[in-house]
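Since we're looking at a predicted model, the values are computed, not measured.
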Amino acid sequence: MTLPPRVLIIAGSDSGGGAGIQADIKTVTMLGGHAMTAITAITAQNTCGVYLIDQTPGAMIEEQLQAVLSDLPPDAVKIGMIGSAGAARIVGDFLAYREPRVPIVFDPVMVATSGAALADDETVAAFDRLMRLATVITPNLPELHTLTAMPVDTEKARLKAAQALSRENGCAVLAKGGHADGDTIVDILVDVEGAAHRWEDPRIDTTSTHGTGCTLSSAIATGLGEGRTLIEAVTRARDYVRAALAAAPGFGHGRGPMGHALGRIPFDDIHRKDQ
């Protein structure tokens with residue numbers, strides 16, 4: 001029997017259950033993996049906003065990492081909301097010297113779907129270490145602009161920014177196009193060789209978009225932990241996100257959670273091995 005991939009998630013908790021650790025665990029589980037966690041922050045939030053953030057003490061972050069890695073060695077790591085510059089340094093130091101090296105997916109979370117800031121300038125500056133450790137980073141367009149100080153207003157500009165970020169950090173970059181205007185969403189993956197891969201799909205008309213970035217990055221990590229190629233992992237992750245958006249239950253009065261359990265969407269269509 002093939003064992004499920006073990007995915008270590010380093011991220012913050014979302015009390016509303018739509019994003020963060022909660023969305024990550026649901027995603028990894030739905031895609032056949034086993035999720036472990038190191039929680040970097042606790043948030044009081046719902047679909048309408050983030051009301052309070054409590055940072056996890058650095059010693060506790062380190063102890064969580066040590067407890068998991070000493071007994072449950074991961075097949076992949078996903079890093080989401082990091083919480084603070086100190087946490088970024090702790091995570092970077094801890095992962096830098098772990099052997100064997102495993103795929104690392106870094107979602108450079110800066111702002112929640114509701115618009116609340118989840119990373120200050122010092123924390124964003126500390127992302128450099130994590131990006132250099134990553135297999136792939138998954139910025140949305142505002143994050144890509146912040147990380148590169150380059151324009152992202154056209155597809156050509158986004159490609160140039162993603163290529164620059166990839167060269168600077170020696171990792172692949174998935175530039176997510178959901179924040180762009182228009183009826184289609186274009187995601188661009190730049191691999192470590194500089195080659196670009198493009199996905200385009202119709203935009204799904206829904207306000208239940210809370211946790212899309214968390215879900216996508218965790219799905220990619222699960223695929224990489226299974227041994228899929230990066231293109232295969234991204235393709236399946238995008239399929240899963242789109243199915244979860246279509247199956248959203250409509251909860252809350254703001255940006256609602258997706259339907260991670262997929263509701264009426266046939267699961268076999270999403271869990272297939274992409275050719």
I'd like to know if the side chain of [X] and the backbone of [Y] have a donor-acceptor N/O pair within less than 3.5 Å.
X	Y	answer
Ser208	Phe251	no
Asp14	Gly20	no
Asp128	Met131	no
Glu200	Thr184	no
Ser166	Ala162	no
Thr123	Ala85	yes
Glu62	Ala59	no
Thr47	Gly254	yes
Thr56	Ile61	no
Lys26	Gly17	yes

Answer yes or no: is there a side-chain heavy-atom contact under 4.5 Å between [X] and [Y]?
X	Y	answer
Thr135	Val105	no
Leu8	Leu65	yes
Phe106	Val77	no
His210	Met258	no
Asp201	Arg242	yes
His197	Asp191	yes
Ile137	Cys171	yes
Met60	Gln55	no

message: Evaluate Arg198 against Glu155 for salt bridge (Lys or Arg N to Asp or Glu O under 4.0 Å), listing each step before the verdict.
response: CA-CA 10 Å; Arg198 183 180 184 276; Glu155 186 176 333; 2.6 Å; yes
Least distance between heavy atoms, [X] atom then [Y] atom:
X	Y	value
Pro249	Pro257	CD-O, 3.7 Å
Gly83	Thr40	N-OG1, 4.4 Å
Met36	His34	SD-CD2, 3.4 Å
Ala76	Ala221	CB-O, 3.2 Å
Leu144	Ala175	CD2-CB, 3.9 Å
Pro4	Gly32	CB-O, 3.1 Å

- prompt: Which ILVMFWY residues can you reach from Leu159 by hopping between side chains whose heavy atoms are under 4.5 Å apart?
  reply: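 Traced through the cluster, Leu159 reaches Val186, Ile188, Val190.
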message: Please check if the number of heavy atoms outside Phe94 that lie under 6.0 Å from its CZ is greater than 12.
response: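 Enclosed.
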Co-membership, hydrophobic cluster, residues [X] and [Y], 4.5 Å side-chain:
X	Y	value
Ile9	Ile39	yes
Ile104	Leu72	yes
Leu130	Val7	no
Trp199	Val241	yes
Ile25	Leu31	no

- request: Could you check His145 against Asp153 for side-chain contact (heavy atoms from CB on, under 4.5 Å), going step by step and ending with a plain yes or no?
  value: CA-CA 9 Å; His145 173 67; Asp153 53 331; over 6 Å; no
task: Would you check, one step at a time, whether the test side-chain contact (heavy atoms from CB on, under 4.5 Å) holds for Val136 with Leu230?
output: CA-CA 9 Å; Val136 58; Leu230 182 55; 4.1 Å; yes
Is it true that [X] and [Y] make a salt bridge, defined as a side-chain N closer than 4.0 Å to a carboxylate O?
X	Y	answer
Asp93	Arg129	yes
Lys176	Asp107	yes
Glu226	Arg236	yes

Distance check, rounded to the nearest 0.5 Å: [X] atom [atom1] versus [Y] atom [atom2]?
X	Y	atom1	atom2	answer
Ile220	Thr215	CD1	OG1	11.0 Å
Asp183	Ile204	CG	CD1	13.0 Å
Ile79	Leu133	CD1	CG	7.0 Å
Ser15	Ile21	OG	CD1	13.5 Å
Arg158	Asp187	CZ	CG	10.0 Å
Ile90	Leu95	CD1	CG	11.5 Å

message: Please determine whether side-chain contact (heavy atoms from CB on, under 4.5 Å) holds for the pair Leu245 and Thr212, giving the CA-CA distance in whole Å, both sets of side-chain angles, and the decisive distance to 0.1 Å.
response: CA-CA 8 Å; Leu245 284 168; Thr212 49; 3.9 Å; yes
query: Can you list every pair that meets side chain to side chain donor-acceptor pair (under 3.5 Å) and has a residue in residues 70-91, with sequence neighbours left out?
result: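 Sorted pair list: Arg6-Asp75, Asp24-Lys78, Lys78-Ser217, Lys78-Ser218.
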task: Only counting residues at least two apart or in another chain, list the ones meeting side-chain hydrogen bond (donor to acceptor under 3.5 Å, both in side chains) with His179.
output: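 His179: no side-chain hydrogen bond (donor to acceptor under 3.5 Å, both in side chains) contacts found.
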- prompt: Which of parallel (below 30°), tilted (30 to 60°) and perpendicular (above 60°) describes Tyr240 and His260?
  reply: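 Tilted, since the angle between the ring planes falls between 30° and 60°.
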field: CA sep, side-chain torsions, deciding dist, call: Val124, Met110, side-chain contact (heavy atoms from CB on, under 4.5 Å)
entry: CA-CA 8 Å; Val124 173; Met110 299 179 192; 4.0 Å; yes
